[in-house]
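See structure below.
Remember, it's 1-based here, ligands and their atoms both numbered in the order they're listed.
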Amino acid sequence: MSNHLFSEADHAELYQKYRPKWSSEFAEKVVTFVKEKKSSPLLHAVDIGCGSGQSSEILAPHFQHVLGIDVSEPQIAMASANNKLNNVEYRVAPAESIPVPDESVDLVMCLEAAHWFDMEKFNAEVDRVLVPGGCLAVAGTIEEKFSQDELTNISHEFLRQGPMKDCWHENLVRYLFTEYRTLPMPYDGVIRDESMSIETDLTIPQYVNLASTISPYREFCRRNPEDKGALLQNLQKSLYEATASTKPVEELIVHVMFPIFLLMVRKPQV
Ligand SMILES: C[S@@+](CC[C@H](N)C(=O)[O-])C[C@H]1O[C@@H](n2cnc3c(N)ncnc32)[C@H](O)[C@@H]1O
């Protein structure tokens with residue numbers, strides 16, 4: 001696993017500050033699926049690869065207890081420090097060994113994280129921890145879209161074609177580039193939903209900070225320590241010039257959409 005990509009404290013801080021938030025509409029969609037076969041109150045959810053906690057928080061209104069786990073200590077420290085919800089707790093633990101009893105969880109959720117897991121071990125753990133009729137939901141995003149096509153082209157060029165081209169981990173190529181169509185799931189009957197997106201308004205420097213949180217950029221920095229932010233400065237310059245705006249760069253707001261692919265599946269009832 002490439003856990004070193006998420007293990008730095010500054011990364012957890014950038015993550016907390018700049019990653020766009022998952023919406024309550026997204027949570028409703030997942031919870032509606034869980035409730036199709038469960039009428040009693042929803043008890044336990046586990047958010048795996050919870051990062052700095054943004055994904056776990058959206059489950060809090062729907063479950064009695066939400067546990068967010070992540071292998072990264074700085075991410076869990078950041079999540080715990082910012083946690084204001086008394087039914088959400090965070091723990092350092094791997095997806096391949098989920099720290100909860102057998103058949104105790106109504107929902108296992110993984111947002112922008114499942115592509116890092118050892119899927120064979122993870123799927124066995126999902127089967128162990130889910131109650132019969134409980135659900136697994138995994139979701140990701142890969143190709144953001146700006147409201148201006150030229151900005152979209154610049155960001156795609158930066159992410160996929162430029163100097164970061166070879167810095168995408170093999171798991172990302174294998175699972176994320178296929179929008180999870182190749183991700184092994186533990187049960188048949190997977191439902192795929194592509195109707196939602198994360199929408200956000202950002203300044204260009206904020207978008208660039210967001211780009212600095214993605215793992216291929218972290219890998220690029222590891223391989224090219226002499227870069228010292230030059231690549232990101234070029235990205236900012238190219239995006240700003242493409243807008244042809246006369247506003248100062250830190251005042252110019254751009255609209256960015258991250259289309260979501262969501263996979264949901266249910267453990268068979270016995
Ligand atoms: C891109 S972040 C997603 C964070 C959060 N779910 C969100 O959507 O904002 C991916 C997270 O997965 C975690 N991760 C990677 N491999 C893991 C594993 N095997 N078990 C648990 N967490 C893992 C990383 O430490 C990182 O915090």
Within the structure, does A95 bring an N/O atom to less than 3.5 angstrom of an N/O atom in ligand 1? yes
Within a distance under 4.0 Å of any heavy atom of G51, pick out the atoms of ligand 1 and give their elements. 4 (C), 27 (O)
Distance under 4.0 Å to a non-hydrogen atom of L111: what atoms of ligand 1 satisfy this? 3 (C), 5 (C), 6 (N), 7 (C), 8 (O)
Taking distance alone, with no angle check, do A113 and ligand 1 share an N/O pair under 3.5 Å? no
Applying side-chain contact (heavy atoms from CB on, under 4.5 Å), run through F261 and I142 and close with a yes or a no. CA-CA 9 Å; F261 38 92; I142 177 76; 3.7 Å; yes
For F158 and Y217, take the angle between the two ring planes, folded into 0 to 90°, and tell me which bin it lands in: parallel under 30, tilted 30 to 60, perpendicular over 60. tilted
Charged N to carboxylate O below 4.0 Å: is that the case for E241 and K237? yes
Passing candidate, side-chain contact (heavy atoms from CB on, under 4.5 Å) with L231, options S212, P163, C221: P163
Number the atoms of ligand 1 from 1 as they appear, then name those within less than 4.0 Å of a heavy atom of E112, with their elements. 1 (C), 2 (S), 3 (C), 10 (C)
Non-hydrogen atom of G53 closer than 4.0 Å to ligand 1: no
For A93, atoms of ligand 1 separated by under 4.0 Å from a heavy atom: 21 (C)
For E96, atoms of ligand 1 separated by under 4.0 Å from a heavy atom: 19 (N)
Would you call E57 and K21 a salt bridge, taking side-chain N to carboxylate O under 4.0 Å as the test? no
Can an N or O of W116 be found at a distance shorter than 3.5 Å from an N or O of ligand 1? no
Specify whether H44 and H65 have parallel, tilted or perpendicular ring planes, treating 30° as the upper limit for parallel and 60° as the lower limit for perpendicular. perpendicular
Does R266 count as lying over the ring of Y187, i.e. NZ or CZ under 6.0 Å from the six-ring centre, within 45 degrees of the axis? no
Steps toward salt bridge (Lys or Arg N to Asp or Glu O under 4.0 Å) verdict (K121, E125): CA-CA 6 Å; K121 290 186 183 156; E125 274 297 82; over 6 Å; no
For atom 13 (C) of ligand 1, which candidate among I98, D70, I58 provides the closest heavy atom? D70
Min N/O separation I48 to ligand 1 under 3.5 Å: no
When rounded to the nearest 0.5 Å, the distance separating CG of D47 from CG of D70 is 9.0 Å
Note: C50, heavy atoms under 4.0 Å from ligand 1, region reported as backbone
Closer than 4.0 angstrom, basic N to acidic O: yes or no for K29 and E25? no
In sequence, state the C-alpha distance, the side-chain angles, and the governing distance for M185 and V138, and then conclude on side-chain contact (heavy atoms from CB on, under 4.5 Å). CA-CA 10 Å; M185 296 291 274; V138 294; 4.0 Å; yes
Looking at ligand 1, would F122 count as a contact under a 4.0 Å heavy-atom criterion? no
With heavy-atom distances below 4.0 Å as the criterion, list the atoms of ligand 1 near Q75. 27 (O)
Are any of the N/O atoms on Q54, whether in the backbone or the side chain, positioned under 3.5 angstrom from an N/O atom of ligand 1? no
Should you measure from each heavy atom of F117, which atoms of ligand 1 turn up under 4.0 Å away? 17 (C), 18 (C), 19 (N), 20 (N), 23 (C)
Please list, in number order, the atoms of ligand 1 under 4.0 Å from a heavy atom of S72. 25 (O)
